[in-house]
Protein chains: 2
Amino acid sequence: MAERKYLMRKRAEGFDATRERIVEATAALHYEQGVAATSYVQIAERAGVGAATVYRHFPTLGSLVLACGAHVNEEMQPPLRENAPAVFAGLGTRQQRLERLVAELDAFYGRGAAWLGIAARDRDNVPELDAFLRQVDAGVEALVREAIGAGSPEAEIRLMTALADVSVWRSLKRLNVAPAEFRRTMVGLLDCASGLAA
Amino acid sequence: MAERKYLMRKRAEGFDATRERIVEATAALHYEQGVAATSYVQIAERAGVGAATVYRHFPTLGSLVLACGAHVNEEMQPPLRENAPAVFAGLGTRQQRLERLVAELDAFYGRGAAWLGIAARDRDNVPELDAFLRQVDAGVEALVREAIGAGSPEAEIRLMTALADVSVWRSLKRLNVAPAEFRRTMVGLLDCASGLAA
DNA sequence: TATTTCACGAAATAGTTCTCTCGTCAATAG
DNA sequence: CTATTGACGAGAGAACTATTTCGTGAAATA
């Protein structure tokens, strides 16, 4: 019953490695089959551990999604509210800023559209996914706001944000046009939208 | 072993009634929870019938989805290729035709966007859903084609069809603007898009 | 070395889902 | 009335899933 100091540095390494394997297996399975469709046993098998181990590390689906989300976040690098100003630094004309906005969105959606679709599928059943998607939306809106100037009428900002949504990007992407023309079209649409909202 | 003529009129009525109850229960559950998330037992319970009965009527998920789809089809009244010309009969100017197109799409998506979302969720796992959605897309494209004239450049048609997609409609609908203004905006976007594709 | 701690996974429990078999019973026909 | 048909549902069986318990063994400490 004596109080000992257990540091367990070496053991902690093994612990972290196991955790990492679980997170990676989860990410892969969620990517392949969706979040709700993935079971603990599948995760355990793919990670090469017992089901109980998965439970010990992540007692709830939410905690698993959260850890997995941190992993995915690095891959996607979603736009963040606080970074929005830096994105448009030094760009004077409206045209330049719109082009920058589209380039930024295109790059982001190129990295993350698949994951966004996966998260959207189960956002109603998994609060963590919903929270994540809200954050992404907020980041996109901040980009739009910064691009056209915070003083713009609210209706204009909202309309452009709607057009900046990943669902619109996805629909246009299906056209399979060259990247440069794709971005030109997006810029044109946003430009036009800002006139429509007036 | 004699050959008898069994007409079974009265019995067939009961059979059809049971079938109808199953289809209705299925539609309700698919609407509430999605297709893949709905089990045979749930359907049986809601229909007030044994699970085996559901199986006898619909041995595969596909056949169930198909029957359910016929039911939903009447509710949605999706645009059909062959009806496209009639929709624009007597409309001369381009503006009029675009307005008609938007009105048609808005009404259709108003009726069917929820179902389209449900079908889209599981289209990868259920071929029948995929086929249904392809048909809908074809109908929308036919509408667009008819609205701006079959002679228009393919790039223009494709771009406008992409903007006529339900995902774009949904994104704009989230803005919660008045119906008249909503349609005005859609028309403006499509009009602008036709210029961009040139 | 002796003792304590704790991550791990096999296995148990409990609850679902899918799918089929089979006996029942009302409708049909002679 | 008697024989036949076929729709129905209880329930069986196999395959999963979620979740926990517990013994083992390696690591940490003294």
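Letters go in sequence order (proteins before strands), and every chain restarts at 1.
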May I ask you to verify if any side-chain N or O of [X] is less than 4.0 angstrom from the OP1 or OP2 atom of [N]?
| X | N | result |
| --- | --- | --- |
| A:T53 | C:dG9 | yes |
| A:T18 | C:dA7 | no |
| B:H57 | D:dC8 | yes |

Original post:
By side-chain hydrogen bond (donor to acceptor under 3.5 Å, both in side chains), which residues pair with B:R134, not counting sequence neighbours?
Top reply: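 Result, side-chain hydrogen bond (donor to acceptor under 3.5 Å, both in side chains) vs B:R134: B:D130.
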
[N] [atom2] sits how many Å from [X] [atom1], rounded?
| X | N | atom1 | atom2 | answer |
| --- | --- | --- | --- | --- |
| B:D16 | D:dC8 | CG | C1' | 15 Å |
| B:I22 | D:dA7 | CD1 | P | 12 Å |
| A:E13 | C:dC6 | CD | C1' | 16 Å |
| B:F58 | C:dT19 | CZ | P | 15 Å |
| A:Y55 | C:dA11 | OH | P | 19 Å |
| B:R21 | D:dA7 | CZ | P | 15 Å |

Original post:
For the side chain of A:R100 and the backbone of A:V87, is there at least one donor-acceptor N/O pair under 3.5 Å apart?
Top reply: yes

Subject >> B:V166 backbone acceptor or donor facing B:Y109 side chain under 3.5 Å >> reply: yes

Original post:
Does the base of D:dG6 carry an N or O that pairs as donor and acceptor with the side chain of B:R56 under 3.5 Å?
Top reply: no

Original post:
Where each residue is assigned the nucleotide of DNA chain D containing its nearest heavy atom, which of B:A51 and B:R19 is assigned the position nearer the 5′ end?
Top reply: B:R19

Original post:
Where along residues 28-46 of chain B does a heavy atom fall under 4.0 Å from DNA chain D?
Top reply: none

Subject >> Salt bridge flag under 4.0 Å for residues A:R174 and B:D165 >> reply: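 Yes, charged N to carboxylate O under 4.0 Å.
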
Original post:
Going through the distances and angles, do A:R145 and A:E141 end up as a salt bridge (Lys or Arg N to Asp or Glu O under 4.0 Å)?
Top reply: CA-CA 6 Å; A:R145 215 173 266 276; A:E141 187 187 322; 2.6 Å; yes

**OP:** Could you go through the side-chain contact (heavy atoms from CB on, under 4.5 Å) check for A:L172 and A:L189 one step at a time?
**Re:** CA-CA 11 Å; A:L172 291 180; A:L189 272 181; 3.9 Å; yes

Original post:
Within 45 degrees of the axis of the six-membered ring of A:F182 and under 6.0 Å from its centre: does A:K173 put its NZ or CZ there?
Top reply: yes

Subject >> Candidate nucleotides D:dT20, C:dT19, D:dA10, ranked by approach to the side chain of B:A52 - the nearest >> reply: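 For B:A52, the side-chain atoms sit closest to D:dA10.
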
